[in-house]
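Residue numbers start at 1 and run along the sequence shown.
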Amino acid sequence: MASKDRILRQKEETRSNILEAAYAIVKEEGWQGLSMRKIADKIEYTAPIIYEYFSNKEAILNELTGKGFIKLAKELQDARDKFEKPEEQLEAMWMAYWDFAFTDTEMYQVMFGVQMNCCSQQCSAQERPYKLFTSVIAEIMKNSNPTDEVIKQKYFTFFSVIHGLIAINIINKSEIMETINNQILKDAIGGIIKSIQ
């Protein structure tokens, strides 16, 4: 039994090493620099061993995307939990979302398709950030008995504005934008929160 456990641990460790190597390559060279051959070279394995764990590069991207959504959801939850008022929770969550996009830009790019194709496969972790946001939006709007559709529309209003601003900044880095970003972001979040109260 101990040898089975050891084999399982080694397989999980190899899988984890592959993902870490892939992400390290992306941090150095961008998503366009990622290849199965480079991953194999980085962890000093042969390419066929990589294919034993992941059928292709897209499978690696899907796995990394899932991990990104889990990390984002954790950061959103931590931001939410620092406040009691739903309006403050929502603002803190969108600020955490913004911070995630710029502290882990490569991950954000693959998760949301900024300057690259995002993964085509849906992962269950994608729902976590959405559910966190919509639960707080529903709480803010509870006096008006909003339908799920209305809550969804309000979420996408926030997402459209904030994701758009993030994408502009990732694609077109500019010192002028950097100086006004925080104010634009706070104005947008504050304005949308007022509109749904």
All side-chain contact (heavy atoms from CB on, under 4.5 Å) counterparts of [X], not counting sequence neighbours:
X	answer
Ala40	Ala47, Ile50
Thr14	Ile18, Tyr45, Tyr53
Ser55	Ala59
Ser16	Glu20

(message) Consider side chain to side chain contact (heavy atoms under 4.5 Å, CB included). Of Ile196, Ile192, Leu132, Ile189, which one does Leu90 pass it with?
(response)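 Going through Ile196, Ile192, Leu132, Ile189 one by one, the side chain to side chain contact (heavy atoms under 4.5 Å, CB included) with Leu90 is satisfied by Ile196 alone.
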
(request) Please collect all side-chain hydrogen bond (donor to acceptor under 3.5 Å, both in side chains) contacts where either partner lies in residues 66-88, sequence neighbours excluded, each pair once. (result)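 Applying side-chain hydrogen bond (donor to acceptor under 3.5 Å, both in side chains) to every pair that reaches into residues 66-88, excluding sequence neighbours, yields Lys71-Asp104, Lys74-Asp78, Glu87-Gln197.
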
Look up atom [atom1] in [X] and atom [atom2] in [Y], then write down how far apart they are to the nearest 0.5 Å.
X	Y	atom1	atom2	value
Gln89	Phe83	CD	CZ	9.0 Å
Met141	Ile193	CE	CD1	12.5 Å
Asn62	Asn56	CG	CG	8.5 Å
Arg6	Leu8	CZ	CG	11.0 Å
Glu106	Trp31	CD	CH2	8.0 Å
Thr65	Glu63	OG1	CD	9.5 Å

(request) Just do the side chain to side chain contact (heavy atoms under 4.5 Å, CB included) check on Ile49 and Thr46 with the steps written out, would you? (result) CA-CA 6 Å; Ile49 289 179; Thr46 62; 3.6 Å; yes

(request) Given side chain to side chain contact (heavy atoms under 4.5 Å, CB included), test Leu61 with Leu34 step by step and report yes or no. (result) CA-CA 10 Å; Leu61 296 179; Leu34 185 63; 4.0 Å; yes

Distance-only donor-acceptor hits, side chain of residues 147-159, under 3.5 Å, sequence neighbours excluded:
| from | atom 1 | to | atom 2 | distance (Å) |
| --- | --- | --- | --- | --- |
| Thr147 | OG1 | Glu149 | N | 3.4 |
| Thr147 | OG1 | Val150 | N | 3.1 |
| Thr157 | OG1 | Gln153 | O | 2.9 |

Could you note down all residue pairs passing salt bridge (Lys or Arg N to Asp or Glu O under 4.0 Å) where [range] supplies at least one of them, sequence neighbours left out?
range	answer
residues 35-47	Glu28-Lys42, Glu29-Lys38
residues 183-197	Glu91-Lys186
residues 135-146	Glu139-Lys142

Which side-chain N or O atoms in residues 95-102 pair as donor and acceptor under 3.5 Å with protein atoms at least two apart or in another chain?
| from | atom 1 | to | atom 2 | distance (Å) |
| --- | --- | --- | --- | --- |
| Tyr97 | OH | Tyr108 | OH | 2.9 |

(message) Test side chain to side chain contact (heavy atoms under 4.5 Å, CB included) on Tyr51 and Met36; report intermediate values, then the result.
(response) CA-CA 8 Å; Tyr51 285 104; Met36 299 299 260; 3.3 Å; yes

(request) With sequence neighbours excluded, tell me which residues meet side chain to side chain donor-acceptor pair (under 3.5 Å) with Lys57. (result)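 Side chain to side chain donor-acceptor pair (under 3.5 Å) list for Lys57, sorted by chain: empty.
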
(message) One pair to check against side chain to side chain contact (heavy atoms under 4.5 Å, CB included): Lys27 and Tyr23. What are the steps and the verdict?
(response) CA-CA 6 Å; Lys27 286 285 209 184; Tyr23 200 56; 3.7 Å; yes

(message) Can you confirm whether Lys131 is buried at NZ, in the sense that more than 12 heavy atoms of other residues, nucleotides or ligands lie under 6.0 Å from that atom?
(response)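 Counting neighbours around NZ of Lys131, 12 or fewer heavy atoms of other residues, nucleotides or ligands fall under 6.0 Å, so no.
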
(request) Examine Ile70 and Leu64 and state if one hydrophobic cluster contains both, with Ile, Leu, Val, Met, Phe, Trp and Tyr joined whenever side-chain heavy atoms are less than 4.5 Å apart. (result)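 Ile70 and Leu64: separate clusters.
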
